[in-house]
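Each chain gets a letter, A, B and so on, in the order the sequences are listed, and its residues count up from 1.
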Number of protein chains: 2
Amino acid sequence: MSPAENAPSTTDVAHALEAVVTWLRDSREPVGISKSSLSTLARLDVVGPLRITDLAEREGLTQPGMTTLVNRLVQTGLAERRADPGDGRAVLVALTSDGLARLTEYRVSRTELISARLEQLDPESRSALAKAVPALHRFVDDSHVTEEK
Amino acid sequence: MSPAENAPSTTDVAHALEAVVTWLRDSREPVGISKSSLSTLARLDVVGPLRITDLAEREGLTQPGMTTLVNRLVQTGLAERRADPGDGRAVLVALTSDGLARLTEYRVSRTELISARLEQLDPESRSALAKAVPALHRFVDDSHVTEEK
DNA sequence: GCCATATGCATAAGCCAGTTATATAGTTGA
DNA sequence: TCAACTATATAACTGGCTTATGCATATGGC
């Protein structure tokens, strides 16, 4: 409960991370595009063209929900539907260059927001955060986590 | 771009924090209550009873939106409306004991989720994160930030 | 003290992003 | 070749917001 007095416990770290998440969530400026859409664009950028069903599963939406979302992306020119060679039922959703541009713009603005904030911190804090970078990546990386159940 | 080779830059830290935010957002389990409702309950817990208008401003909603949200909270027994002594127009929204219990339950489950993940990390990573706790708190703390504009 | 104006909240109507249920087109294997 | 399965689409509905508006109370200049 008191990271100032003793060494921070796991719970203290958890609370600090939650606080950061809350701050970053609240610091989102309206960007004219939904969080789901941005997340889907990012997924397409990272993974490449995907089927509707596949996208839906990865993004945690239902298939009809993803169909609607993709409709919006296509209508605004951020993504396109391609035929899946070898399966006439399926569709491959792919990022357009406009979609990539939009995604990049968003990523840059977010990074700038956070960086500006970081640069206002005292040097010791910045150093501590810099040293925590590998740990933060390990935290979100599933590959080393021992799955249970 | 390569935190593994050189000392992590501010941009690297920003990306790591974004990655954590994304992971924590995706790790939210359905909880039967909206994010806005939880955030509002937390606000009431931290700040104490507030007016509808005040709540709306702090939570980034419109006043009618907050009226509706408070209606839901009241109907589910998580909050209550009190008369504002000294202003017959106003209402003070306050957390009920049920509301506090629900909020606590959520907070505990979140903390447990994150803690469990932390405990699977290697000791050096855990140590690095523990040392970063004060810096994380400073990052989200507005009080020392030099405002511009 | 009165009245014009401002303020706090509620209601109404509509929008948007999601849901479940169902239909249609294409695929696959016995 | 046809029954069963799969991928997507469409329809109808819901939740959580929005804007526009109304009503009650408060406030200050006169």
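Counting only residues at least two apart or in different chains, side-chain hydrogen bond (donor to acceptor under 3.5 Å, both in side chains) contacts with residues 89-102 of chain B comprise B:D87-B:R89. Residue pairs meeting the salt bridge (Lys or Arg N to Asp or Glu O under 4.0 Å) criterion with at least one member in residues 38-47 of chain B, sequence neighbours excluded, are B:R43-B:E59, B:D45-B:R107.
Taken residue by residue, residues 27-35 of chain B places heavy atoms nearer than 4.0 Å to DNA chain D at B:S34.
Atoms CD (A:Q75) and P (C:dC16) sit 12 Å apart, rounded to a whole Å. In this structure, A:L69 places its CG atom 10 Å from P of C:dT19, rounding to the nearest Å. Summarising the geometry, the separation between CE on A:M66 and P on C:dT20 is reported as 14 Å, rounded to the nearest angstrom. Computed from coordinates, the A:L73 CG to C:dA17 P distance equals 10 Å when rounded to whole Å. Atom-to-atom, CG of B:L61 to P of D:dT19 comes out at 11 Å; the value is rounded to the nearest Å.
Among the protein residues, A:G65 comes within range of the nucleic acid bases, having at least one heavy atom under 4.0 Å from a base atom.
Residues meeting the salt bridge (charged side-chain N to carboxylate O under 4.0 Å, His left out) test with B:R82, sequence neighbours left out: B:E80. In this view, B:R58 and B:D54 satisfy the salt bridge (charged side-chain N to carboxylate O under 4.0 Å, His left out) rule, not counting sequence neighbours.
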Just distance, no hydrogens or angles: give the donor-acceptor pairs under 3.5 Å from side chains in residues 20-27 of chain B, sequence neighbours left out.
from: B:T22; atom 1: OG1; to: B:E18; atom 2: O; distance (Å): 3.0
from: B:S27; atom 1: OG; to: B:W23; atom 2: O; distance (Å): 3.4
from: B:S27; atom 1: OG; to: B:L24; atom 2: O; distance (Å): 2.9

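Contact annotation: A:R72 side-chain N/O to C:dA17 OP1/OP2 distance is under 4.0 Å.
B:L38 forms part of a hydrophobic cluster together with B:V31, B:I33, B:L41, B:L44, B:V46, B:V47, B:L50, B:I52, B:L55, B:L61, B:M66, B:L69, B:V70, B:L73, B:V74, B:L78, B:V91, B:V93, B:L95, B:L100, B:L103, B:Y106, judged by ILVMFWY side-chain heavy-atom separations under 4.5 Å. The hydrophobic cluster containing B:V108, built from Ile/Leu/Val/Met/Phe/Trp/Tyr side-chain heavy atoms closer than 4.5 Å, comprises no other residue.
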(request) Between protein and nucleotides 3-15 of chain C, map the contacts as a letter string: B base, S sugar-phosphate only, - none, heavy atoms under 4.0 Å, written 5' to 3'. (result) ----BSBBB----
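Side-chain polar atoms of B:T68 and B:N71 form no donor-acceptor pair below 3.5 angstrom.
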